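Just so you know, these numbers come straight off a predicted model, no measurement behind them.
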Amino acid sequence: QVQLVESGGGLVQPGGSLRLSCAASGFTLDYDAIGWFRQAPGKEREGVSCINSDGSTWYADSVKGRFTISRDNAKNTVYLQMNSLKPEDTAVYYCATAIRCEGAPFGSWGQGTQVTVSS
């Protein structure tokens with residue numbers, strides 16, 4: 001069975017860092033695009049970052065220069081390094097698969113991990 005598990009969230013102060021992990025089981029990520037999304041209270045889900053199977057990446061303007069997405073195919077895991085965190089980054093973060101970052105739809109969503117940025 002296909003499963004994605006997000007981890008690494010927590011409570012951090014503004015300016016702090018977190019590294020989120022998206023671990024896959026039941027399939028390999030080698031040939032898939034993996035996207036990170038987030039949903040803040042009272043707001044719709046939005047795309048944060050994405051990495052294609054060839055290593056090309058995409059970032060939302062709001063996180064560009066602060067977040068870095070990467071993948072380790074040997075561990076079947078995709079990471080999101082988040083630096084210089086802001087309170088507006090507070091959200092539940094999800095990962096999901098797609099054929100390519102530029103296309104739709106995304107599927108095989110994980111359960112999410114909470115990121116809270118607050119003093």
Side-chain angles (χ1 to χ4, degrees):
Q1 59 186 33
V2 175
Q3 185 177 14
L4 293 176
V5 178
E6 301 93 337
S7 63
L11 174 63
V12 297
Q13 295 184 356
S17 298
L18 286 172
R19 188 194 194 197
L20 305 184
S21 298
C22 175
S25 62
F27 70 104
T28 179
L29 297 179
D30 293 24
Y31 304 103
D32 294 331
I34 303 296
W36 282 99
F37 300 80
R38 66 187 181 187
Q39 187 166 24
K43 301 180 66 175
E44 292 188 356
R45 183 187 65 197
E46 63 176 344
V48 176
S49 184
C50 191
I51 185 166
N52 282 308
S53 60
D54 65 1
S56 60
T57 59
W58 173 88
Y59 299 93
D61 289 343
S62 60
V63 307
K64 195 173 184 65
R66 300 188 296 122
F67 292 9
T68 303
I69 191 170
S70 62
R71 65 192 303 153
D72 186 340
N73 289 341
K75 296 182 178 180
N76 221 24
T77 301
V78 172
Y79 304 97
L80 184 68
Q81 179 67 47
M82 306 187 297
N83 298 326
S84 302
L85 284 163
K86 306 174 181 180
E88 64 199 66
D89 295 318
T90 295
V92 178
Y93 284 71
Y94 302 89
C95 62
T97 63
I99 297 175
R100 64 175 187 173
C101 292
E102 297 82 358
F106 283 84
S108 300
W109 295 84
Q111 86 289 346
T113 185
Q114 175 71 49
V115 172
T116 303
V117 185
S118 176
S119 298

Requested in this report: Would you indicate whether the side-chain heavy atoms of Asn52 and Glu102 approach each other to under 4.5 Å?
Outcome: yes
**Report entry** For the student: nearest non-hydrogen atoms of Gly8 and Leu18, plus distance
**Finding:** O-CD2, 3.6 Å
Query raised in the report: Would you say Leu29 and Phe106 are hydrophobically clustered, going by side-chain heavy atoms of ILVMFWY under 4.5 Å?
Result: no
Requested in this report: Please answer whether the main-chain N or O of Ser53 pairs with a side-chain N or O of Asp30 as donor and acceptor at a distance below 3.5 Å.
Outcome: no
Report task. Ignoring hydrogens and angles, tell me if any N or O in the side chain of Asp72 forms a donor-acceptor pair with the backbone of Thr77 under 3.5 Å. Result -> no
Query raised in the report: Taking C-beta and beyond as the side chain, do Cys95 and Val78 meet within less than 4.5 Å on heavy atoms?
Result: no
Query raised in the report: Can the ring centres of Trp36 and Phe67 be said to be less than 6.0 Å apart?
Result: no
Query raised in the report: Heavy-atom distance under 4.5 Å between the side chains of Ile34 and Thr97, does that happen here?
Result: yes
Query raised in the report: Once the angle between the rings of Trp109 and Phe37 is folded into 0 to 90°, is it parallel (under 30°), tilted (30 to 60°) or perpendicular (over 60°)?
Result: tilted
Query raised in the report: Do any N or O atoms from the side chain of Asp89 and from the backbone of Lys86 form a donor-acceptor pair under 3.5 angstrom?
Result: yes
Query - Sub-4.5 Å side-chain heavy-atom contact between Glu6 and Leu20 - result: no
Report summary line: Which of Gln114, Arg38, Gln39 passes side chain to side chain donor-acceptor pair (under 3.5 Å) with Tyr93? Answer is Arg38
Query raised in the report: Between Ala98 and Pro105, what is the shortest heavy-atom contact and its length?
Result: CB-O, 3.7 Å
Query raised in the report: Looking only at heavy atoms, what is the nearest atom pair of Gly9 and Val115, with distance?
Result: CA-CG2, 4.1 Å
**Report entry** From Asn76 atom CG to Thr28 atom OG1, the distance as rounded to the nearest 0.5 Å
**Finding:** 4.5 Å
Report task. Please report the closest heavy-atom contact between Cys22 and Leu4, naming both atoms and the distance. Result -> SG-CD2, 4.0 Å
Query raised in the report: Can you hop from Tyr94 to Leu80 via hydrophobic side chains spaced under 4.5 Å?
Result: no
Requested in this report: Could you pull out the closest heavy-atom pair between Asn83 and Ser17, with the gap in Å?
Outcome: OD1-OG, 2.9 Å
Query - Expected output: side-chain Tyr59 to main-chain Ile69 donor-acceptor under 3.5 Å - result: yes
Requested in this report: Please report the shortest heavy-atom distance between Arg71 and Ile51, naming the atom on each side.
Outcome: NH1-O, 3.7 Å
